[in-house]
Structure formats: C-alpha cells, structure tokens
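What follows is a single structure, written as structure tokens, with notes after it.
These numbers come from a predicted model, not from an experiment. Every heavy atom of this structure was used, including side-chain atoms; hydrogens, water molecules and symmetry mates were not. To find a chain, count down the sequence lines: A is the first, B the second, and so on, and within it residues start at 1.
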There are 2 protein chains.
Amino acid sequence: MVTDTTFSISQLAKEFGVTTRTIRHYEDMHLLSPQRQGQKRIYTFADRTKLKLIVRGKRLGLSLQESGDLLHMYEPGKNNIDQLERTVEYIGASRQKLSQQLRDISTMLDELNKAEAGCKAELEAHSKLTKKT
Amino acid sequence: MVTDTTFSISQLAKEFGVTTRTIRHYEDMHLLSPQRQGQKRIYTFADRTKLKLIVRGKRLGLSLQESGDLLHMYEPGKNNIDQLERTVEYIGASRQKLSQQLRDISTMLDELNKAEAGCKAELEAHSKLTKKT
DNA sequence: ATTGAAGTTTACGTTAACGTAAGTTATATT
DNA sequence: AATATAACTTACGTTAACGTAAACTTCAAT
C-alpha cells in the first residue's frame with residue numbers, strides 16, 4: 001500500500017460509496033478491466049475515471065449499458081470513419097437527453113418551490129393558532 | 001368519447017408514450033387511483049398531471065417509490081405539523097439531489113464536447129487523406 | 001504458528017418495473 | 001346477429017443491478 005498511482009478495489013469502493021461486489025459486477029459487464037497482481041485487481045487512474053463516470057451516470061439514471069456506451073467513446077479503436085460518425089451521432093443524442101433532463105429539473109424545482117411555499121404557509125397558520133406572543 | 005374533461009387509459013398511454021400495462025402498474029403501486037365507470041378506468045386532469053410527474057421522474061432516474069413520495073407532497077391530508085415539517089425536509093433533500101444532477105449534467109456536457117471535438121478532428125484528418133480538391 | 005483482514009470465485013437470491021399471454025366483458029360498427 | 005375494438009383481470013415471465021452466502025487464498029502482524 002505504497003500510495004502508488006494505483007488503487008485496490010476497497011479503496012475505490014470506499015471513495016465512491018459502492019460495494020466491492022458492485023465494482024466486480026461492473027467488470028462482469030465489461031465496463032472495467034483492471035490489471036491483476038496475481039489474483040488481486042489493480043486499478044489505475046484511468047480505471048478510477050471510468051468508475052467515476054459510471055457512478056455519475058447512475059445519478060443521472062443511466063443504465064450500465066448506456067454508461068458502457070459512453071465509456072466506449074473515450075477509448076481508442078474508433079479509428080474508422082463509420083464508427084466516428086456513429087459516435088458523433090451518439091453524442092448528439094446524449095446532449096438532447098441531457099437537455100431534456102435540464103428542462104425536467106427546472107420544472108421540478110419550480111414545483112418544489114410551490115410545494116414548499118404551501119407547506120410554510122400552513123405551518124405559519126398553525127403557529128398563529130399556537131401563538132404565544 | 002365526448003372529448004370530455006377526462007381521459008381513457010389508452011389516450012394517456014399514447015400521450016405519454018407508455019403502455020396501458022405500465023399505467024395499470026402505477027395504479028398497482030398506488031401512484032394513481034382513477035375513477036371507474038363500470039369496469040373502465042376514467043382519468044381526470046389531476047390523474048394526468050400525476051402521470052406526467054411520474055414520467056418526468058423516470059427521465060430523471062427516480063424510482064416509482066420516489067415519484068410516489070413526491071406525489072404525496074402535492075396532496076392534502078398533510079395537515080399535521082410533523083408531517084409538514086417532514087415534507088419541507090424532503091423538499092430540501094430533493095433540491096440537493098437535483099443540484100447534484102445539474103452538476104453532473106454540466107460535467108457530462110463538457111466531456112461530450114471534448115469527445116466530439118476529438119472525433120471531428122479525426123474525421124478531418126481522414127478527409128485530408130481522402131481529399132479531392 | 002495462528003489469527004485476522006482483505007482479496008478471490010462461484011452461485012443462488014432478490015427487487016423493481018414492467019412484458020406477455022390467456023381468457024373475459026362491453027361497446028360499437030358493419 | 002356477428003365481429004371488431006378497447007377495456008379488464010389474473011398470473012407467470014423477464015431483465016437489470018446488484019445482495020448475500022460459502023468456501024478458498026494471501027499476507028501481515030501478534
């Protein structure tokens with residue numbers, strides 16, 4: 001544990017608030033492929049970055065499949081033109097999805113504000129009934 | 001089908017791009033409770049609004065449980081102080097989650113931009129090799 | 001030498017969110 | 001009257017994303 005440029009599975013698990021089982025599951029799904037030191041998995045910074053993307057994807061409601069697709073984009077091997085164009089299309093679609101999410105969040109925030117105002121108004125009413133001053 | 005102020009299940013299904021099975025499932029999960037006209041379900045505007053919230057919630061990665069909790073907030077019966085305070089807390093937590101999502105989206109958009117730039121650069125390189133002018 | 005902590009594999013279990021029949025009923029149209 | 005259309009209920013099936021348990025191995029420290 002020489003504070004190397006690598007990480008153990010439990011280090012990453014702790015850092016990202018997931019279980020080691022979860023990380024191994026991502027490997028089963030081919031989203032990660034750490035090196036091995038004997039039997040043990042050794043994670044590089046690149047692996048950590050991928051995991052970060054997956055965890056963030058989950059917060060946005062992405063499936064592992066979708067996160068996998070995104071990861072794919074950042075990897076080399078997309079040399080041929082056809083693949084590059086597909087990737088550009090996928091990026092466009094992703095942006096549209098994110099835009100929709102932005103609109104949804106905005107709407108939800110508005111609704112939360114209204115709901116909160118309603119609650120606080122009611123609480124005010126209650127406190128008046130129970131007023132002491 | 002007198003273009004009334006109510007909707008049939010298939011009308012809503014079509015409008016929101018889900019199946020009737022899905023809508024019935026939301027009823028099973030107690031997120032909706034339409035009136036009945038004999039056997040048939042009759043949905044009001046309020047029901048439609050609830051469904052809209054659920055569908056939007058899904059786009060944001062919410063579980064049906066979470067959407068149900070949100071729906072609960074907009075309903076009466078939250079008279080007692082304790083419940084009101086809980087609701088206000090829940091609203092706060094929801095806002096925090098949404099804030100995190102906003103940050104995540106921002107990050108993802110940045111990454112998408114970089115990835116797109118990379119792709120387009122590669123495509124440029126290819127087109128130079130194949131240049132005709 | 002032994003114990004304990006962290007890692008591993010294998011494999012069955014679980015929950016959420018519907019999908020997919022299969023069989024029934026009601027209404028409306030030809 | 002017959003048939004099509006939309007609705008309904010019941011119930012088993014399916015997929016994703018892990019949880020959980022059992023039975024090793026590997027080191028490091030007591």
Side-chain angles (χ1 to χ4, degrees), chain A residues 1-4 6-44 47-48 50-72 97 104, chain B residues 1-4 6-44 47-48 50-72 97 104:
Chain A
M1 202 224 264
V2 266
T3 306
D4 219 351
T6 64
F7 311 87
S8 74
I9 192 169
S10 55
Q11 279 182 308
L12 291 186
K14 180 174 294 185
E15 174 173 4
F16 291 105
V18 300
T19 68
T20 58
R21 172 67 176 94
T22 294
I23 296 181
R24 291 195 195 97
H25 177 63
Y26 295 163
E27 184 172 347
D28 289 344
M29 300 293 104
H30 308 102
L31 303 184
L32 296 174
S33 44
Q35 302 159 15
R36 295 294 181 119
Q37 208 167 75
Q39 271 219 122
K40 297 192 173 179
R41 278 164 251 254
I42 304 297
Y43 297 87
T44 65
D47 292 324
R48 200 187 79 140
K50 290 184 185 183
L51 180 53
K52 187 186 296 184
L53 188 148
I54 298 168
V55 169
R56 185 201 306 141
K58 294 225 75 190
R59 287 196 301 261
L60 290 176
L62 299 194
S63 67
L64 293 186
Q65 170 71 50
E66 291 171 316
S67 290
D69 292 347
L70 284 177
L71 283 178
H72 219 91
K97 237 190 117 181
D104 288 334
Chain B
M1 202 222 265
V2 266
T3 305
D4 220 350
T6 65
F7 311 87
S8 75
I9 192 170
S10 55
Q11 278 182 309
L12 291 186
K14 179 172 292 184
E15 175 173 2
F16 292 105
V18 300
T19 67
T20 57
R21 172 68 175 94
T22 295
I23 296 181
R24 289 195 197 96
H25 178 62
Y26 295 163
E27 183 172 346
D28 288 344
M29 300 294 105
H30 308 103
L31 303 183
L32 295 174
S33 43
Q35 303 160 15
R36 295 294 180 118
Q37 209 166 75
Q39 270 218 122
K40 298 194 171 176
R41 279 164 251 255
I42 302 296
Y43 297 89
T44 66
D47 292 324
R48 201 187 80 140
K50 290 183 183 181
L51 180 53
K52 186 185 297 183
L53 188 148
I54 298 168
V55 169
R56 184 202 306 140
K58 296 225 75 190
R59 287 196 301 261
L60 291 175
L62 300 193
S63 67
L64 293 187
Q65 169 71 50
E66 291 171 315
S67 290
D69 292 347
L70 285 177
L71 282 179
H72 218 90
K97 238 190 117 182
D104 288 334

Checklist entry - In residues 19-34 of chain A, which ones come under 4.0 Å of DNA chain D, going by heavy atoms? => result A:Thr19, A:Arg21, A:Thr22, A:His25, A:Tyr26
Next on the checklist: Using the salt bridge (Lys or Arg N to Asp or Glu O under 4.0 Å) criterion, which residues pair with A:Glu27? Sequence neighbours excluded.
Outcome noted: A:Arg36, A:Arg41
Checklist entry - Closest nucleotide of DNA chain D for A:Gln65 versus for B:Arg36: which of these residues is on the 5' side? => result B:Arg36
Checklist entry - salt bridge (Lys or Arg N to Asp or Glu O under 4.0 Å) with B:Arg21: which residues, sequence neighbours excluded? => result none
Checklist outcome for this item: Sorted by chain and number, sequence neighbours left out, side-chain contact (heavy atoms from CB on, under 4.5 Å) with A:Ser63 holds for A:Gln65, A:Glu66
Checklist entry - Can you name the side-chain hydrogen bond (donor to acceptor under 3.5 Å, both in side chains) partners of A:Lys58, sequence neighbours left out? => result none
Next on the checklist: Taking the nucleotide of DNA chain C with the nearest heavy atom to each, does A:Arg41 or B:Leu64 sit closer to the 5' end?
Outcome noted: A:Arg41
Next on the checklist: Name the residue from B:Leu32, B:Leu51, B:Leu31 that meets the side-chain contact (heavy atoms from CB on, under 4.5 Å) definition with B:Leu71.
Outcome noted: B:Leu31
Item to check | By side-chain hydrogen bond (donor to acceptor under 3.5 Å, both in side chains) - contacts of A:Gln35 (at least two apart) | outcome: none
Next on the checklist: Going by the rule side-chain hydrogen bond (donor to acceptor under 3.5 Å, both in side chains), which residues pair with A:Ser67 if we only count those two or more places apart in sequence or in a different chain?
Outcome noted: none
Item to check | Test side-chain contact (heavy atoms from CB on, under 4.5 Å) applied to A:Lys52 - qualifying residues, sequence neighbours left out | outcome: A:Phe16, A:Arg48, A:Arg56
With the criterion being N/O to N/O and under 3.5 Å, what pairs connect the protein with nucleotides 26-28 of chain C, and how long is each?
none

Checklist entry - Along DNA chain D, 5' to 3', what are the outermost nucleotides having an atom less than 4.0 Å from a heavy atom of chain B? => result D:dA6 to D:dA11
Item to check | side-chain hydrogen bond (donor to acceptor under 3.5 Å, both in side chains) partners of B:Asp47, counting only residues at least two apart | outcome: B:Thr44
Item to check | Residues in salt bridge (Lys or Arg N to Asp or Glu O under 4.0 Å) contact with B:Arg24, at least two apart in sequence or another chain | outcome: none
